[in-house]
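One structure below.
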Amino acid sequence: MITEISFVEIYDIWNQYLWPNRQSKIESNSAMVFLGGYNIANMHFKPTFIAYKDNNKIVGVNSGHKCVDNSYRSRGLYVLPEYRKKGIGVALLRQTIKNARNENCEFVWSYPKQSSWNTYSIAGFNLAGDWHQSELDINAYCRLSL
């Protein structure tokens with residue numbers, strides 16, 4: 001079951017599992033801009049944090065927020081290893097896409113790890129750049145038009 005959660009709830013999962021060795025501060029929003037760069041104005045949009053729960057246990061998470069270019073950033077997708085390959089990541093992305101539509105955005109974008117690309121591809125995202133080394137992993141920009 002997908003439900004909204006708080007930043008505090010998602011933060012613990014991001015910090016412990018998704019970005020355990022991250023040096024930069026984990027914040028509720030991202031100032032990143034699609035295809036590179038930063039715009040601090042992205043930090044002013046209200047983010048939505050979602051979780052997939054199994055018997056009240058959070059087994060997967062994602063978040064999203066509108067950006068100044070009328071896009072929607074999908075950020076922080078993570079599913080516990082023992083729950084992977086069951087459609088949970090795709091379900092979380094589809095909810096994020098629905099949230100973007102509700103905010104009348106033009107497209108959804110993300111900066112996924114290469115290891116999670118299959119999930120994004122199944123959800124309908126297309127690569128928008130090459131894979132490259134980021135702070136913690138190998139990532140690439142991707143997008144889905146709405």
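Not measured: the values here are computed from a predicted model. What you see below is based on every heavy atom in this structure, not just the backbone, and it leaves out hydrogens, waters and symmetry mates. Position 1 is the first residue of the sequence; numbering continues from there.
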Quiz prompt | Derivation and outcome, side-chain contact (heavy atoms from CB on, under 4.5 Å), residues Ile88 and Arg84 | solution = CA-CA 7 Å; Ile88 293 170; Arg84 292 180 185 164; over 6 Å; no

Self-check item: Steps toward side-chain contact (heavy atoms from CB on, under 4.5 Å) verdict (Phe125, Val108)
Solution: CA-CA 8 Å; Phe125 284 81; Val108 181; 3.7 Å; yes

Practice problem: Mind running side-chain contact (heavy atoms from CB on, under 4.5 Å) on Tyr52 and Ile58 for me, showing each step along the way? | Solution: CA-CA 6 Å; Tyr52 192 101; Ile58 295 176; over 6 Å; no

Exercise. Decide side-chain contact (heavy atoms from CB on, under 4.5 Å) for Arg22 and Leu136; before the verdict, give the C-alpha distance in whole Å, the side-chain angles of both, and the deciding distance to 0.1 Å.
Key: CA-CA 7 Å; Arg22 184 172 169 155; Leu136 296 173; 3.7 Å; yes

Exercise. Apply ring pair (Phe, Tyr, Trp, His ring centres under 6.0 Å) to Tyr111 and Phe34, showing your working.
Key: CA-CA 9 Å; Tyr111 188 63; Phe34 181 61; over 10 Å; no

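A donor-acceptor pair under 3.5 Å is absent between the side-chain atoms of Lys113 and the main chain of Ile138, judged by distance alone. A donor-acceptor pair is defined here as one N or O able to donate and one able to accept, closer than 3.5 Å; no such pair exists between the side chain of Asn42 and the backbone of Cys67. Side-chain atoms of Glu135 come within 3.5 Å of backbone atoms of Gln23 as a donor-acceptor pair (strictly under, hydrogens ignored). Glu106 contributes no side-chain N or O that, together with a main-chain N or O of Leu146, makes up a donor-acceptor pair within less than 3.5 Å. A distance-only check finds no donor-acceptor pair linking the side chain of Asn70 to the backbone of Phe107 [under 3.5 Å]. Gln133 contributes a side-chain N or O that, together with a main-chain N or O of Asp137, makes up a donor-acceptor pair within less than 3.5 Å.
Closest approach of Asn139 to Ser134, counting heavy atoms only: OD1-OG, 2.6 Å. Shown here for Pro20 and Tyr17, the closest heavy-atom pair between the two residues is CD-O, 3.5 Å. Scanning both residues, Pro112 and Ala140, for their nearest heavy atoms gives CD-O, 3.0 Å. Summarising the geometry of Trp117 relative to Asn126, their closest heavy-atom pair is CH2-C, 3.8 Å, with the distance given to 0.1 Å.
To the nearest 0.5 angstrom, Asp130 atom CG is 12.5 Å from Tyr141 atom OH. Considering OG1 of Thr96 and CG of Leu77, their distance stands at 7.5 Å, rounded to 0.5 Å. The structure places OG of Ser74 at 9.0 Å from CG of Leu92, a figure rounded to the nearest 0.5 Å. Atom OG1 of residue Thr48 and atom CZ of residue Arg75 lie 13.0 Å apart, to the nearest 0.5 angstrom. Note: Glu27 CD to Met43 CE = 4.0 Å, rounded to the nearest 0.5 Å. Atom CD1 of Ile13 is separated from atom CG of Leu80 by 6.5 Å, given to the nearest 0.5 angstrom.
A continuous path of hydrophobic side-chain contacts links Val79 to Leu93 [ILVMFWY only; heavy atoms under 4.5 Å]. Ile50 and Tyr83 fall within the same hydrophobic cluster, where Ile, Leu, Val, Met, Phe, Trp and Tyr residues are linked whenever their side-chain heavy atoms come under 4.5 Å apart, directly or through other members. Residues Tyr72 and Tyr38 are members of separate hydrophobic clusters, defined by side-chain heavy-atom contacts under 4.5 angstrom among Ile, Leu, Val, Met, Phe, Trp and Tyr. Hydrophobic clustering (side-chain heavy atoms under 4.5 Å, transitive across Ile, Leu, Val, Met, Phe, Trp, Tyr) keeps Trp109 apart from Phe45. The hydrophobic cluster containing Leu127 does not contain Val33, counting ILVMFWY residues as joined when their side-chain heavy atoms lie under 4.5 angstrom apart, directly or transitively.
Between Pro47 and Ser28 there is a side-chain heavy-atom pair separated by less than 4.5 Å.
Judged purely by distance below 3.5 Å, without hydrogens or angles, the side chains of Gln95 and Asn99 pair a donor atom with an acceptor atom.
In this structure, His65 has its ring center no closer than 6.0 Å to that of Phe49.
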Atom pairs and distances, side-chain donor-acceptor, residues 1-8, under 3.5 Å, sequence neighbours left out:
{"residue": "Ser6", "atom": "OG", "partner": "Val8", "partner atom": "N", "Å": "3.4"}
{"residue": "Ser6", "atom": "OG", "partner": "Glu9", "partner atom": "N", "Å": "3.2"}
{"residue": "Ser6", "atom": "OG", "partner": "Glu9", "partner atom": "OE1", "Å": "3.2"}

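Applying the salt bridge (charged side-chain N to carboxylate O under 4.0 Å, His left out) test to residues at least two apart or on different chains, the pairs with a partner in residues 52-62 are Lys57-Glu82.
When each of Ser110, Ser63, Ser30 is paired with Arg73, the side chain to side chain donor-acceptor pair (under 3.5 Å) condition holds for Ser30 and for no other.
Ring orientation note: the planes of Trp14 and Trp19 are tilted relative to one another, at an angle of 30° to 60°.
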